[in-house]
There are 4 protein chains.
Amino acid sequence: MSTRVVAVRADARRNRERVLEAAETVFAEQGATASTEEVARRAGVGIGTVFRHFPTKEALYEAIVVRRLSRVAEQAQPLTASADPAGALRDLFARLIDEAATKKAFADTMAVVSLDVKAAAPAVGDQLRDTIATLLDAARTAGTVRADVGLAEVMVLLAGLCLAAEHTPDPTLRESALSVVFAGLTPPS
Amino acid sequence: MSTRVVAVRADARRNRERVLEAAETVFAEQGATASTEEVARRAGVGIGTVFRHFPTKEALYEAIVVRRLSRVAEQAQPLTASADPAGALRDLFARLIDEAATKKAFADTMAVVSLDVKAAAPAVGDQLRDTIATLLDAARTAGTVRADVGLAEVMVLLAGLCLAAEHTPDPTLRESALSVVFAGLTPPS
Amino acid sequence: MSTRVVAVRADARRNRERVLEAAETVFAEQGATASTEEVARRAGVGIGTVFRHFPTKEALYEAIVVRRLSRVAEQAQPLTASADPAGALRDLFARLIDEAATKKAFADTMAVVSLDVKAAAPAVGDQLRDTIATLLDAARTAGTVRADVGLAEVMVLLAGLCLAAEHTPDPTLRESALSVVFAGLTPPS
Amino acid sequence: MSTRVVAVRADARRNRERVLEAAETVFAEQGATASTEEVARRAGVGIGTVFRHFPTKEALYEAIVVRRLSRVAEQAQPLTASADPAGALRDLFARLIDEAATKKAFADTMAVVSLDVKAAAPAVGDQLRDTIATLLDAARTAGTVRADVGLAEVMVLLAGLCLAAEHTPDPTLRESALSVVFAGLTPPS
DNA sequence: AATGAATGAGAATTCATTCAT
DNA sequence: CATGAATGAATTCTCATTCAT
């Protein structure tokens, strides 16, 4: 009996996953204004199924945001152990910028997390923010980032780079812009 | 008869202007998703009039982009005479950033000009780009901006700062971010 | 020019009238749950037209309610001049009951007016209520209706008869029920 | 094996009962438009279970009607032994009216029984109708109700009072309306 | 040329009903 | 039998665009 129950749930979870996967793709391609119907089509499910799992279009979108952030935060955390915190920070930024360049609406996600702190579901982006804060602190302590730069402006810069990346297909250019920003973060010799 | 025709055209031109004015306001307030009906209402004209002058909502939006750019470029050009090109560049950026923070969809305008060069009506943003290019060249020559920084990445940075500004109500924070970028543009001592 | 303007309005008014007419029919046949699409179809207009004239389904429904009440109230008012107020009252009730028996949702309209006084748009049903109140007063004064019966209970009885009529296709039966009620309103000899 | 089957049936019957109980409550609160899902939730069963026992929402609704009627009829029957049949009839009406005022969709139940005789499952409301008929006959014989009043119009009046009661929160008013009706049923002195 | 009414293709959301587990 | 996930038709409402006046 418990197996049967688990089986049902596994099925539902699989469908939920398919919906999320489809939503991820669709939102990456068309942005947040993509229709729920399109998501359902891509997922190969009825539209009712989408709404069963996510009672609102916004709920679905938020789920994608959370998902993206979780992944990003997960991948970011190991960086805190880095011996070169400034370099780690830059690597992290580069990764996020590339993702923003590829996936529509990812930049918006970053902007929300970076800037509209209270708006987002609380604690959703906290993990990423914390990682960045840790790296920043370490870098300042190590003297590889200027002491007079705060987390807030770093987040603004990150958001800006991500948002600009959405319109910047050339990776070299994105890298150059990032270089300028990090040059600005580096203490004058 | 010719007078009548001229009169009509003057009328039409005035209407076109009113529509643009209204669109500017409405898009600044509500972003590009504002309805065309709302624009017509604000302009005090029928919706048919809006579509007569701009056959598509997108055409109207582009017209606003062009308009904003023209104004900005106009105000920017005098700066090319500045004795301190780097300082002038920074002032210009600050002005644009503040505008982006205040007017919705202005940041997108900047992004279009800065990044999707070919997408926009050709030569639309060229004037502004040229001004920035001139300032940048002068600053590099004067040694107040690093020689290895190109126009393209500067435009990316400008777009990024404007886009981030849209979500950053605190002017101090916007200023701080700008400072970092300009520190990054300054040649190492 | 004024003629042109008037012409447009006349056209719109005609369409509005067609929508109202269709809505009247459709609601009479299917009740208040009939779809707006069906109303549009019957009116021979696009669904957008219906929503242009009545921004909400509820607004459309209310318009029908108001319309029905206005007509009824208009027809009722002359009765106040009757030499036989009790008889006039009974005639009025009979008319309303018959309408309720024929038109779905009319009974609900009557119920709203009779009972949920404040809920309905204020003053919508007031005219009818006033007419009934006048007739009732006159009848009580004339001694043809019991002095201890108030307007409130008369309205309850009217609503009840209308609501029951909706399910009572036999007119003789409706008439019999009305007779009992009026016998109850008549003072004991 | 037979025991197991019996056990299953007992389980099923219990579930059926729980569904009915929940439906009773839900329909009383929200009317017939309440969703089947809500009924299932209240019953603490899956929605599939609801549809297993009642193949259609309408079937479920009818079952509730039947159920309410059975109870009412059961409670009513003892009244036939009353020495004062007219008084008993009035008591019965008062009880039904109060129930209609409290429980949404009960008035509709009454209307169905009173008026759409053939529509309902045959013989469903017959018991109540029979009780009322018996009381009416007795009262007519006793001379406490007019001889020229038939069962049909009494049912119409009952339905009307119940339907009106649904919108009449004031019990005094409901009582007053009932008084008028019974005055109308009483033979002229 | 201006007007604004008409249009109808979506979009989000709900819910009765079916069916795989 | 029970479960509840899946389905998709239906509904309300919006908005860019067209067209009669």
Side-chain angles (χ1 to χ4, degrees), chain A residues 1 3-16 19 33-38 40 44-58 60, chain B residues 4-5 7-9 11-12 15-16 33-38 40-41 45-58 60, chain C residues 1 3-16 19 33-38 40 44-58 60, chain D residues 5 7-9 11-12 15 33-38 40-41 45-58 60:
Chain A
M1 203 149 134
T3 39
R4 206 187 300 172
V5 170
V6 169
V8 170
R9 284 197 179 152
D11 221 48
R13 201 172 298 170
R14 197 175 312 147
N15 249 335
R16 191 191 145 96
V19 169
T33 66
S35 82
T36 311
E37 187 111 27
E38 175 69 16
V45 303
I47 194 172
T49 302
V50 177
F51 277 94
R52 161 167 279 267
H53 288 290
F54 307 95
T56 284
K57 195 205 166 166
E58 191 166 334
L60 173 58
Chain B
R4 206 189 299 168
V5 169
V8 170
R9 283 196 180 154
D11 226 48
N15 259 339
R16 190 189 146 94
T33 66
S35 81
T36 313
E37 188 100 30
E38 174 71 14
R41 205 173 309 138
V45 303
I47 192 174
T49 302
V50 177
F51 275 91
R52 164 165 291 274
H53 287 291
F54 307 94
T56 283
K57 192 194 174 176
E58 190 164 336
L60 173 59
Chain C
M1 206 152 133
T3 40
R4 208 188 298 171
V5 170
V6 168
V8 170
R9 285 196 180 152
D11 222 49
R13 200 174 297 168
R14 196 176 314 148
N15 249 335
R16 192 190 146 96
V19 169
T33 66
S35 82
T36 310
E37 188 112 26
E38 174 70 15
V45 302
I47 194 173
T49 302
V50 177
F51 276 97
R52 161 170 276 269
H53 288 290
F54 307 95
T56 285
K57 197 207 165 163
E58 191 166 333
L60 174 59
Chain D
V5 170
V8 169
R9 283 197 180 155
D11 226 47
N15 259 338
T33 66
S35 81
T36 313
E37 189 98 33
E38 175 70 15
R41 205 173 310 138
V45 303
I47 193 175
T49 304
V50 176
F51 275 90
R52 164 164 292 276
H53 288 290
F54 307 94
T56 282
K57 193 195 171 174
E58 189 164 335
L60 173 59

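Naming convention: chains lettered A, B, ... in sequence-line order (proteins, then strands); numbering from 1 in each chain.
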Seminar exercise, completed: All heavy atoms of C:I47 vs all of C:A40, minimum pair found to be CA-CB, 3.8 Å
Seminar exercise, completed: Residue pair B:N15/A:T36 against DNA chain E: nearer the 5' end by closest nucleotide is B:N15
Problem set entry | Taking every non-hydrogen atom, the tightest pair across A:F51 and A:T36 | CE1-CG2, 3.5 Å
Seminar exercise, completed: Symbol by symbol from the 5' end, with Watson-Crick or G-U pairs under 3.5 Å, [ ] crossing and | another strand, DNA chain F is .||||||||||||||||||||
Problem set entry | Exam field: side chain A:K57 to backbone A:A34, donor-acceptor pair closer than 3.5 Å | yes
Problem set entry | Protein-nucleotide distance (B:L60, atom CG; F:dC15, atom C1'), rounded to Å | 14 Å
Exercise. Considering heavy-atom distances to DNA chain E, does D:T33 or C:R16 have its closest nucleotide positioned more toward the 5' end?
Worked result: C:R16
Exercise. Rounded to the nearest Å, what distance is computed from the NZ atom of residue C:K57 to the C1' atom of nucleotide E:dT14?
Worked result: 14 Å
Seminar exercise, completed: In whole angstroms, the gap separating P of E:dA11 from CD of A:E58 amounts to 18 Å
For this session: For D:E38 and E:dA16, give me the distance from atom CD to atom P, rounded to whole Å.
Result: 11 Å
Problem set entry | Sub-4.0 Å heavy-atom contacts from residues 44-56 of chain C onto DNA chain F, ordered by number | C:I47, C:F51, C:T56
Exercise. Rounded to the nearest Å, what distance is computed from the CD atom of residue A:E37 to the P atom of nucleotide E:dA9?
Worked result: 15 Å
Problem set entry | Gap between atom CZ of C:R13 and atom CZ of C:R16 - 0.5 Å precision | 9.5 Å
